[in-house]
Trainee: 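The structure that follows is given in the form of structure tokens.
When a ligand or atom number is given, it counts from 1 through the structure's own listing order. The first residue in the sequence is number 1, and the count goes up from there.
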Amino acid sequence: MSEKISKLITEEQIEEKLTQIAGEISERYKGESVTVICVLKGAVMVMVDLVKKLNLPVEMDFMDVSSYGSGTSSSGSLKVNKDLENSIEGKNVLLVEDIIDSGRTLHYLIEYLKKKNPKSLSLFAMLDKPSRREFDIPFDWKGFEIPDEFVVGYGLDYDQKYRNLPYIGILQFD
Ligand code: IMP
Ligand code: MG
């Protein structure tokens, strides 16, 4: 069985979208600073490309989490593999995620972060796969809505591969 990748979103489209969204974020936090939190590892590419375009004082922090729990029940919980390094109490926090699929991970991550009393908490997800959503997630910004396909590249992996592709593609097996 071989793996094939068909391009879905090009480098140019990503670049254009990030320029637009960074402009909106810079406007929203005008005169303030923002702590950008990257959810490892998938959001690394989008986080670094985004912060370079922000016209604001920026702090960066990183988290690595996994979610547990079955089906559509709300009994799942969050496993924090790597926590924030600095306190976010009283700070404007912008959470950056690669893709929202069921929404489970973000649902619990948002609850977790709110308990740390940030001044504000907003969310930017590069990709939205709405067809499989189980938890309602309050987006502030989203990059692209995509169909129910498995995608790789630009931080997203299949078995830890393909994260370094500069574009986003659909992974197919044949
Ligand atoms: P959720 O908790 O179901 O929203 O899952 C979100 C996580 O699953 C993402 O942060 C990704 O790491 C992973 N994921 C979901 N869909 C894809 C995909 O199409 N390609 C690669 N990773 C994915
Ligand atoms: Mg992720």
Trainee: Relative to the heavy atoms of Leu156, which atoms of ligand 1 are at a distance of less than 4.0 Å?
Mentor: 21 (C), 22 (N)
Trainee: Going by the atom numbers of ligand 1, which of them fall below 4.0 Å from some non-hydrogen atom of Asp98?
Mentor: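 Those of ligand 1 that fall under 4.0 Å from Asp98 are 9 (C), 10 (O), 11 (C), 12 (O).
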Trainee: Would Val151 count as a contact residue for ligand 1, given that I'm defining contact as a non-hydrogen atom of the residue lying under 4.0 Å from a ligand atom?
Mentor: yes
Trainee: Please identify which atoms of ligand 1 are closer than 4.0 Å to at least one heavy atom of Arg104.
Mentor: 2 (O), 4 (O)
Trainee: Identify which of Ala125, Ala43, Gly103, Ser66 has a heavy atom lying nearest to atom 4 (O) of ligand 1.
Mentor: Gly103
Trainee: Under 4.5 Å between any side-chain heavy atoms of Ile100 and Arg133, yes or no?
Mentor: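 A side-chain contact under 4.5 Å exists here.
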Trainee: Could you work out, for atom 13 (C) of ligand 1, the closest of Ile99, Asp101, Ile170, Val65 by heavy-atom distance?
Mentor: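 Comparing heavy atoms across Ile99, Asp101, Ile170, Val65, the nearest one to atom 13 (C) of ligand 1 lies in Ile99.
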Trainee: Find all atoms of ligand 1 within a distance of less than 4.0 Å from any non-hydrogen atom belonging to Glu97, and give their numbers and elements.
Mentor: 10 (O)
Trainee: Quick check: does any side chain N or O of Lys129 sit under 3.5 Å from a backbone N or O of Ile99, one acting as donor and the other as acceptor?
Mentor: no
Trainee: Going by heavy atoms in the side chains, are Leu94 and Leu50 under 4.5 Å from each other?
Mentor: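 Leu94 reaches Leu50 side chain to side chain.
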Trainee: Ser2 vs Asp174, test: side-chain hydrogen bond (donor to acceptor under 3.5 Å, both in side chains). Steps then yes/no.
Mentor: CA-CA 5 Å; Ser2 73; Asp174 51 21; 2.9 Å; yes
Trainee: Asp157 to ligand 1: N or O pair under 3.5 Å?
Mentor: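 It does not: no N or O of Asp157 is found under 3.5 Å from an N or O of ligand 1.
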Trainee: How about Val65 and Tyr108: do any of their side-chain heavy atoms sit closer than 4.5 Å?
Mentor: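 No - every pair of side-chain heavy atoms lies 4.5 Å or more apart.
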Trainee: Are Lys41 and Asp64 side-chain neighbours, meaning at least one heavy-atom pair lies under 4.5 Å?
Mentor: no
Trainee: So is Arg132 in contact with ligand 1, going by heavy-atom distances below 4.0 Å?
Mentor: no
Trainee: Give the atom numbers and elements of ligand 1 that come within less than 4.0 Å of a heavy atom of Glu149.
Mentor: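 Those atoms are 19 (O).
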Trainee: Quick check: do Leu106 and Leu109 have side-chain heavy atoms less than 4.5 Å from each other?
Mentor: yes
Trainee: Check whether any heavy atom of His107 sits under 4.0 Å from an atom of ligand 1.
Mentor: no
Trainee: Evaluate the salt bridge (charged side-chain N to carboxylate O under 4.0 Å, His left out) criterion for residues Lys114 and Glu111: first the C-alpha distance (whole Å), next the side-chain angles of each, then the deciding distance (0.1 Å), finally the verdict.
Mentor: CA-CA 5 Å; Lys114 278 185 177 164; Glu111 267 184 12; over 6 Å; no
